[in-house]
Amino acid sequence: MAVEFRVLGDLDVRIDGRAVRIGHARQQCVLAALLVEPNRVVATGQLISRVWGDEVPDGAAATLRGYLSRLRHALAGTDDVRIVRRHPGYLLAVDPDRVDLHRFRALTDQARRTGDDATAIGCLERALGLWRGDAFDGLTTPWLAAYRQTLDRQRLAAALDRNDIALRRGAHARLLPDVLDLSGRYPWDERLAAQAMLALYRCGRQADALEHFHRLRRRLAAGIGADPSPPLAQLYQQILTADAAIAPPDLPVDGEPGTPANDRPHPGAARDAGAVPRQLPASPGVFAGRTAQLARLDEQLADAGHPDGAGSPVVISSIGGGGGVGKTWLALRWAHANAGRFPDGQLYVNLRGFDPTSEPVTWPVAVRGFLEALGVEPARVPADPEAQASLYRTLVAGRRLLVVLDDARDAATVIPLLPGTPTSAVLVTSRRQLAGLVTTHGARPLPLDVLPGDEARELIVRQVGAARVAGQSGAVAAILRFCGGLPLALGIVAARAALNPELALSSVAAELTSAVSPLDALTGDEVTTNLRVVLSRSLAALTPEAAEVFTLLGLAPGPDIGRAAAASLTARTPAELRPPLRELVDAHLVQEHVAGRYRMHDLVRSFAVERASADPAGSRAALRRLVDHRLHTAHAAALLLSPQRDPLTLAPAAPGVSTERLDDLAAALAWFAGEHQVLLATIEYAAGNGLDTAAGQLSWTLATYFDRQGHWHDWAAVARRAVEATGRSGDRPAQAQAHRLLAGACSNLGRHAEAQRNLLAALDLFAALGDDEGRAHTHFDLSMLHDRQRQPREALPHARRSLALYERVGSPLKQAVALNAIGWYHSQLGEHHDAITFCRRALALSEQAGSAYGQANTWDSIGFAHHHLGEYDQAVDCFQQALALFAEIGDRHAEGIVLDHLGDTWAAAGRADAARDAWRRSLALYEELGHADAEAVRRKLHR
């Protein structure tokens with residue numbers, strides 16, 4: 001069934017032409033926030049910010065999950081769209097062509113890329129025809145309001161481009177009503193004013209055209225005290241004198257009857273102002289993707305040549321990114337596609353800021369080249385570089401030029417090359433962020449990252465041909481994985497395949513993956529296509545301190561690293577680490593992809609690891625510091641999640657290690673969430689490099705977090721590493737605990753036989769050690785395992801045995817846990833009054849110990865017993881108590897269980913709506929966790 005999303009007006013969703021109800025405005029905002037970025041993960045926090053702005057309600061995350069669940073239900077009638085949970089947020093999987101916003105952008109992009117006016121105007125007319133009113137009309141959030149303004153500017157830019165083409169093609173009469181209507185909506189836009197004046201003049205309304213100019217002049221004078229721009233003033237003079245240069249294209253120009261329309265002077269273009277430079281190098285022969293970045297450049301440079309007033313700045317776009325990411329390709333692609341917008345020419349210079357074959361070009365050398373391109377005779381060039389720069393600014397003043405400054409090393413090289421008036425635009429590329437250019441000259445940064453998977457594949461296809469790719473999906477996927485979306489790497493591999501047409505792509509992929517170093521496989525014939533050389537030049541521009549930090553960061557296990565962990569890795573304080581980290585981010589060798597967390601491209605990491613191999617002892621010491629940092633911090637976080645848990649005995653951390661301070665439960669949960677993947681990678685590193693004790697202890701620290709968050713597969717994986725590591729180390733108490741950890745994960749995953757084997761192994765070890773507390777824990781775990789299998793009679797003896805052992809060792813809190821379990825099993829056997837008796841004893845002990853988790857579990861058990869005694873009001877009160885406590889401690893799995901119980905109670909009490917609401921919330925949690933119990937709750941909702 002075909003789905004269509006329309007947002008260029010009110011939000012309208014249709015499946016096979018039938019309107020779909022999406023729900024209230026807030027729920028529509030959730031869908032809108034996903035639709036603007038189809039097939040890309042939108043972080044949960046970002047979704048919440050987009051939907052609620054600064055007025056985030058309590059429980060926003062849970063409310064958001066409810067909205068998403070209802071949206072999934074509303075869209076269930078089609079296979080073309082899915083809302084997917086993917087860390088760290090959600091993704092709307094849909095063909096962008098199903099969304100009118102993305103069709104609009106694709107059509108405008110196609111129009112700007114084509115060299116044929118007929119094709120371009122057809123695309124633009126279709127794009128503008130998609131609009132039915134203001135985008136997302138009727139939805140009001142701060143984010144949507146700002147995004148609506150962005151879309152409005154894109155709509156205007158498309159209309160202005162359409163108008164220019166229509167005027168070139170002599171369609172002024174048909175265009176005039178639209179242009180005048182737009183002028184009323186955008187009375188300050190001088191490009192639009194010029195189009196209206198020209199259309200009026202060509203329709204025989206010279207006086208109206210002149211009056212249009214006078215109205216704008218009065219408006220500017222009254223509003224900002226400025227005059228119209230020189231190009232607009234010149235058009236006014238041309239209309240006043242009936243200049244033949246602005247005659248309609250279907251009329252011959254006096255004295256030049258054969259002049260083609262497109263060769264006539266552009267209205268408002270500077271004349272007799274010197275030579276017209278055309279310095280752009282050839283456009284990239286093979287180019288793919290970057291649609292969003294090209295659109296962003298369209299937005300950034302839309303006002304070039306049409307300033308708002310005398311004080312307007314030069315429009316500068318700064319494309320930043322690491323070596324080989326395709327900055328020059330993008331700049332040249334956009335420059336060639338938009339050259340027509342700059343009729344007075346295009347200046348280009350390769351500043352060679354990071355060129356491996358030569359020194360950087362200084363700004364005086366670049367200025368001298370520009371003067372030559374502008375037709376200045378050598379005898380007229382002043383000797384003083386500052387005077388040369390002044391002459392350059394004089395020559396380009398008032399002209400509509402595009403200046404491309406490629407591979408700039410720093411802002412100091414760029415600033416003298418900027419035009420002095422705002423009629424020109426500047427496009428800068430650099431491996432650095434050029435923050436000074438942003439701060440002092442208002443440059444608009446455009447960070448460039450690697451290509452996403454579909455665009456990377458398109459680049460391969462365009463280079464080697466679709467026929468050769470057909471049937472080679474596995475090989476292409478391997479090549480894409482190896483290159484990681486880095487355009488230079490893709491270009492090197494694709495060129496190698498193109499130069500060897502008889503070589504199967506599977507052979508190319510095998511050659512890549514069999515290389516001793518990934519960088520060995522990416523050595524092109526020239527230094528500019530040798531990735532190792534490209535990265536070496538970036539590194540050579542760093543301070544020694546930043547270069548050392550770069551090398552060590554490459555060693556860190558996991559997809560990224562936090563600032564505090566990086567400090568321990570490098571044996572620095574966080575304050576000492578900030579400058580080199582800023583330098584690495586500025587150089588685009590490291591990305592700060594979220595605040596305080598840093599990552600590298602895999603190929604850049606390979607380069608860092610190569611450098612680290614020169615000092616193996618230093619590398620081992622750095623990694624030991626990192627393991628100690630994560631172990632000691634994780635241990636503190638685990639005790640915040642479960643304060644009653646018996647702590648580990650940790651060895652002192654290595655010198656240079658600093659642990660993170662976590663003040664409360666919320667901080668501990670946030671830390672575990674942020675470090676989840678790197679902790680898994682750290683355990684793998686520790687287990688594979690002789691740090692068995694650390695591997696086992698790290699696995700212990702993660703158990704409570706993984707249990708409460710439902711990450712049971714990860715829990716099982718690290719617990720297996722713990723069993724292996726403790727077996728190698730011969731630490732029998734730790735081995736017994738590791739078996740318990742693995743059993744807990746297996747139990748949650750429904751692997752009951754494996755869970756029982758591990759618990760019996762733990763019981764044997766604890767018995768041999770004479771550890772009664774360990775035996776008590778294990779008997780309790782066995783009771784829970786039987787409970788999961790709906791075997792309360794088999795569970796009860798183990799719970800009683802654990803209680804007796806806990807009483808022997810004197811552990812009141814553990815006694816409370818065992819008493820609650822005994823009460824629960826009595827309830828399962830229909831003995832609900834006995835259940836309440838045991839659970840009330842458990843609740844009193846949990847309250848005395850201050851255990852929120854113990855209280856929450858016990859309230860759920862008591863509520864269950866009251867429900868089955870028909871005491872529904874008491875049951876509801878108990879479940880509400882349990883929910884509040886589980887939400888506080890962050891146990892989402894337990895929340896789902898209690899909500900399911902609450903729904904059952906509401907249903908039994910005849911409150912069908914309340915029951916369905918509780919089950920829906922339970923289902924949303926289970927679906928997000930991927931829990932098997934989701935299906936049982938789903939059946940309740942559909943019965």
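The first residue in the sequence is number 1, and the count goes up from there. Below, all heavy atoms of this structure are taken into account, side chains as well, without hydrogens, waters or symmetry copies.
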Will you find, in the side chains of [X] and [Y], an N or O donor that is under 3.5 Å from an N or O acceptor?
{"X": "Asn748", "Y": "His893", "answer": "no"}
{"X": "Arg563", "Y": "Tyr598", "answer": "yes"}
{"X": "Asp560", "Y": "Gln677", "answer": "no"}
{"X": "Arg630", "Y": "Thr682", "answer": "yes"}
{"X": "Tyr186", "Y": "Asp152", "answer": "yes"}

Rounded to the nearest 0.5 Å, how far apart are [atom1] of [X] and [atom2] of [Y]?
{"X": "Leu35", "Y": "Asp100", "atom1": "CG", "atom2": "CG", "result": "9.0 Å"}
{"X": "Trp329", "Y": "Leu448", "atom1": "CH2", "atom2": "CG", "result": "11.5 Å"}
{"X": "Leu11", "Y": "Asp137", "atom1": "CG", "atom2": "CG", "result": "11.0 Å"}
{"X": "Leu883", "Y": "Phe879", "atom1": "CG", "atom2": "CZ", "result": "9.0 Å"}
{"X": "Leu641", "Y": "Asp707", "atom1": "CG", "atom2": "CG", "result": "10.5 Å"}
{"X": "Leu47", "Y": "Trp143", "atom1": "CG", "atom2": "CH2", "result": "9.0 Å"}

Assess whether side chain to side chain contact (heavy atoms under 4.5 Å, CB included) is satisfied between Leu151 and Phe104, documenting all intermediate values. CA-CA 10 Å; Leu151 295 180; Phe104 166 77; 6.0 Å; no
Less than 6.0 angstrom separating the ring centers of Trp715 and Tyr705, yes or no?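 Ring-ring flag for Trp715/Tyr705: false, centres at least 6.0 Å apart.
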Ring centres under 6.0 angstrom apart (Tyr67, His24):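 Distance test on ring centres: under 6.0 Å, yes.
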Closest approach of [X] and [Y], non-hydrogen atoms and distance?
{"X": "Gly558", "Y": "Val678", "answer": "CA-CG1, 4.0 Å"}
{"X": "Cys29", "Y": "Leu139", "answer": "SG-CB, 4.1 Å"}
{"X": "Ala60", "Y": "Trp52", "answer": "O-CH2, 3.9 Å"}
{"X": "Ala456", "Y": "Gly485", "answer": "CB-CA, 4.4 Å"}
{"X": "Ala637", "Y": "Trp671", "answer": "CB-CE3, 4.1 Å"}
{"X": "Val438", "Y": "Pro445", "answer": "CG2-CD, 4.2 Å"}

Please list, chain by chain and in numerical order, all residues satisfying side chain to side chain donor-acceptor pair (under 3.5 Å) with [X], sequence neighbours excluded.
{"X": "Ser69", "result": "none"}
{"X": "Arg153", "result": "Thr150"}
{"X": "Asp913", "result": "none"}

Taking only Lys NZ, Arg NE, NH1 and NH2, and the carboxylate oxygens of Asp or Glu, determine whether Glu895 and Arg708 approach each other closer than 4.0 Å.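 No.
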For the pair Asp10 and Arg132, find out whether any cationic side-chain nitrogen is under 4.0 Å from an anionic carboxylate oxygen.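 Salt bridge: yes.
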[X] (side chain) donor-acceptor with [Y] (main chain) under 3.5 angstrom:
{"X": "Arg938", "Y": "Leu923", "value": "no"}
{"X": "Arg605", "Y": "Gly554", "value": "yes"}
{"X": "Arg916", "Y": "Leu941", "value": "yes"}
{"X": "Asp664", "Y": "Ala667", "value": "yes"}
{"X": "Glu592", "Y": "Gly596", "value": "yes"}
{"X": "His601", "Y": "Gly484", "value": "yes"}
{"X": "Thr905", "Y": "His901", "value": "yes"}
{"X": "Gln709", "Y": "Arg892", "value": "no"}
{"X": "Glu660", "Y": "Ala564", "value": "no"}
{"X": "Arg50", "Y": "Ala33", "value": "yes"}

For [X], check salt bridge (charged side-chain N to carboxylate O under 4.0 Å, His left out) against everything at least two apart and list the hits.
{"X": "Glu675", "result": "Arg597"}
{"X": "Glu888", "result": "none"}
{"X": "Arg14", "result": "Asp12"}
{"X": "Asp900", "result": "Lys940"}

Give every residue pair that meets the salt bridge (Lys or Arg N to Asp or Glu O under 4.0 Å) criterion with at least one member in residues 102-113, sequence neighbours excluded.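 Found Glu4-Arg103, Asp109-Arg113, Arg112-Asp161, Arg112-Asp298.
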For [X], which residues count as a side-chain contact (heavy atoms from CB on, under 4.5 Å) partner, sequence neighbours excluded?
{"X": "Thr44", "answer": "Ile48, Leu64, Arg85, Tyr90"}
{"X": "Asp602", "answer": "none"}
{"X": "Ala556", "answer": "Ile561, Leu569, Leu626"}
{"X": "Asp454", "answer": "Pro452"}

Any chance CZ of Arg457 has more than 12 other-residue heavy atoms, nucleotides or ligands included, within less than 6.0 Å?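 No, not enclosed.
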Is it the case that atom CZ in Arg921 sees more than 12 heavy atoms from other parts of the structure closer than 6.0 Å?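 Not buried by this count: 12 neighbours or fewer within 6.0 Å.
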Apply side chain to side chain contact (heavy atoms under 4.5 Å, CB included) to residues Leu662 and Phe672 and explain how you reach the verdict. CA-CA 11 Å; Leu662 304 172; Phe672 273 126; over 6 Å; no
Does the pair Asp714 and His676 meet the rule for a side-chain hydrogen bond (donor to acceptor under 3.5 Å, both in side chains), with working shown? CA-CA 9 Å; Asp714 287 342; His676 182 149; 2.7 Å; yes
